[in-house]
Amino acid sequence: MSLVVQKYGGSSVADAEGIKRVAKRIVEAKRNGHQVVAVVSAMGDTTDELIDLAEQVSPIPAGRELDMLLTAGERISMALLAMAIKNLGHEAQSFTGSQAGVITDSVHNKARIIDVTPGRLRASLEEGNIAIVAGFQGVSQDSKDITTLGRGGSDTTAVALAAALDADVCEIYTDVDGVFTADPRVVKKAKKIDWISFEDMLELAASGSKVLLHRCVEYARRYNIPIHVRSSFSGLPGTWVSNEPQGDQNVEHAIISGVAHDVSEAKVTVVGVPDKPGEAAHIFRAVAEAEINIDMIVQNVSAASTGLTDISFTLPKAEGKKATAALEKIKATVGYDSLRYDDQIAKISLVGAGMKTNPGVTAQFFEALSDAGVNIELISTSEIRISVVTRADDVNEAVRAVHTSFGLDSDSDEAVVYGGTGR
Ligand code: ADP
Ligand code: ASP
Ligand code: MG
């Protein structure tokens, strides 16, 4: 008997109807002879609503308590889903992350999975049950406190369970038909990709294509778990993410895999930093000690007359307050002039392994942005990615212009978005 792990995102279980529809899909997989573990996210925008609520009682909520609060969202959907499955005449049991054996480190709000001990899930499956697991949560090995895996973390739960249970496949069900060459909410002419390598998917995910979480793809690559991303609203085959294409998976030998955008970041500029050894180290040590992950960094050449320089970096908006608080504390010791915080930025990235061997991609990318009248504020590159920061207002137009310029527009149907609010 084969074992499948399926993950259903928030938009797939947004309301009672959605939960019943998902229950039917799960039962169908069971009827087809599979053992099924279903990982489920919080209903609709519940997680965002809980965060808003927390911020109304405390501007920087305590990490431990925020995790306690947020994990409640997934508990609601897992219990309702198990009830809906039982109502269809099948046995199901729901499990919290901790009960499912998802063991993490103790970094609240973005814990890493360090071990998975799915003994209770195995026993439940052996008894003939469908196992429903709350995504996005675990328990810290050291503190025994409840943790969450960072926004979108249910994807990681699913892949980690698939690896630990030696599942045949991990299916990620969402509100679009797979991974597209750009976000179908922004580019109606985006094309569905039949197969994409872990490598390209990692860059897309890291650049903001939230259809799959970056850490989930990292995990899948490490344990070589093929992922099938597909819609829970249609019966269409989706996108396979794996090392190598299998059988009839269609591989387009395109230079560019896709365009990603991200409006979840902000830019911090430390103005007037004395240009001497150790200052950048001092600044980024303070940010690191506040457990903040940063993305792009730019330092300007100092003006000769002043001996001062500006350092800018980008980081998740959600960590903006923590970062500026940490930097305020070292203002006197570093001796910088002021801090600027800008959350009206967007990052646009072009991704594709073919970039390595095709000169001119960068020039064409910049030309497309310039033709669309979009100004570039920061630039960063990797071997298979170019990213720029622009004004947030320009993001949709910029993504569409780049998508068209690289010949990615489909000439057939418009990409369908079945649900979700895009939040
Ligand atoms: P879920 O609630 O199922 O986890 P998410 O909202 O996290 O869903 O991810 C699905 C969304 O990802 C889609 O609705 C789409 O707007 C967005 N998205 C961004 N980039 C892409 C892409 N390249 N392909 C498909 N979807 C994308
Ligand atoms: N509910 C969590 C979130 O909104 C986890 C997830 O959906 O994957 O981030
Ligand atoms: Mg998601």
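Both counts, for ligands and for their atoms, begin at 1 and track the order of listing. Any value given below was found using the heavy atoms of this structure, including those in side chains, with hydrogens, waters and symmetry copies removed.
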Residue part near ligand 1, for Ala182, under 4.0 Å between non-hydrogen atoms: backbone

Quick one: nearest non-hydrogen protein atom to atom 7 (O) of ligand 1, plus distance? Lys210 O, 3.5 Å

Going by heavy atoms in the side chains, are Lys188 and Asp409 under 4.5 Å from each other? no

Nearest neighbour in protein (non-hydrogen) for atom 4 (O) of ligand 2: Arg151 NH2, 2.9 Å

Nearest non-hydrogen partners of Ser11 and Asp175, listed with the distance: OG-OD2, 3.0 Å

Under a 4.0 angstrom heavy-atom cut-off, which atoms of ligand 1 come close to Val179? 24 (N)

Distance-only side-chain donor-acceptor flag, Asp310 / Thr269, under 3.5 Å: no

Atom 15 (C) of ligand 1 - nearest protein heavy atom and its distance: Asp183 OD1, 3.2 Å

Quiz question: by atom type and distance under 3.5 Å, do the side chains of Tyr418 and Asp177 form a donor-acceptor pair? yes

For Tyr173, is the NZ or CZ atom of Arg230 found under 6.0 angstrom from the centre of its six-membered ring and inside 45 degrees of the ring axis? no

Taking the side chain as every heavy atom from C-beta outward, state whether Ser94 and Val133 have any atom pair closer than 4.5 Å. no

Are Leu212 and Val241 side-chain neighbours, meaning at least one heavy-atom pair lies under 4.5 Å? yes

Does Gly73 have a non-hydrogen atom less than 4.0 Å from ligand 2? no

Determine, considering heavy atoms only, which of Val259, Asp175, Thr47, Asp45 sits nearest to atom 13 (C) of ligand 1. Asp175

Please determine if Gly152 has a nitrogen or oxygen closer than 3.5 Å to a nitrogen or oxygen of ligand 2. yes

Please report whether ligand 1 has a polar contact with Val176, defined as an N or O pair separated by less than 3.5 Å (distance criterion only). no

Check if Gly258 has a non-hydrogen atom at a distance under 4.0 Å from any atom of ligand 1. no

With a 3.5 Å cut-off and no angle check, do the side chains of Arg122 and Ser124 form a donor-acceptor pair? no

Which atoms of ligand 1 are found less than 4.0 Å from any heavy atom of Phe180? 22 (C), 23 (N), 24 (N), 25 (C)

Look only at interatomic distance and state if Thr47 has a nitrogen or oxygen under 3.5 Å from any nitrogen or oxygen of ligand 2. yes

Going by the closest heavy atom to atom 25 (C) of ligand 1, which one wins out of Gly178, Ala205, Ser209? Gly178

Which ligand 1 atoms are under 4.0 Å away from a heavy-atom of Lys7? 4 (O)

Starting from atom 7 (O) of ligand 2, locate the nearest protein heavy atom and write down its residue, its atom name and how far away it is, to 0.1 Å. Ser41 OG, 3.1 Å

Does a donor on one side chain and an acceptor on the other come within less than 3.5 Å for Thr147 and Thr104? yes

Check if Pro184 has a non-hydrogen atom at a distance under 4.0 Å from any atom of ligand 1. yes

Any Ser11 heavy atom less than 4.0 Å to ligand 1: yes

Quick one: do the Trp195 and Ser242 side chains pair a donor with an acceptor below 3.5 Å? yes

Indicate yes or no: does an N/O atom of Thr174 lie under 3.5 Å from an N/O atom of ligand 1? yes

For Ser154 and Val39, work out which heavy atoms get closest and say how close. O-CG1, 3.8 Å

Among all protein heavy atoms, pick the one closest to atom 2 (O) of ligand 1 and tell me residue, atom and distance. Gly10 N, 3.1 Å

Taking the inter-plane angle between the rings of Phe313 and Phe284 on a 0 to 90° scale, is it parallel (under 30°), tilted (30 to 60°) or perpendicular (over 60°)? perpendicular

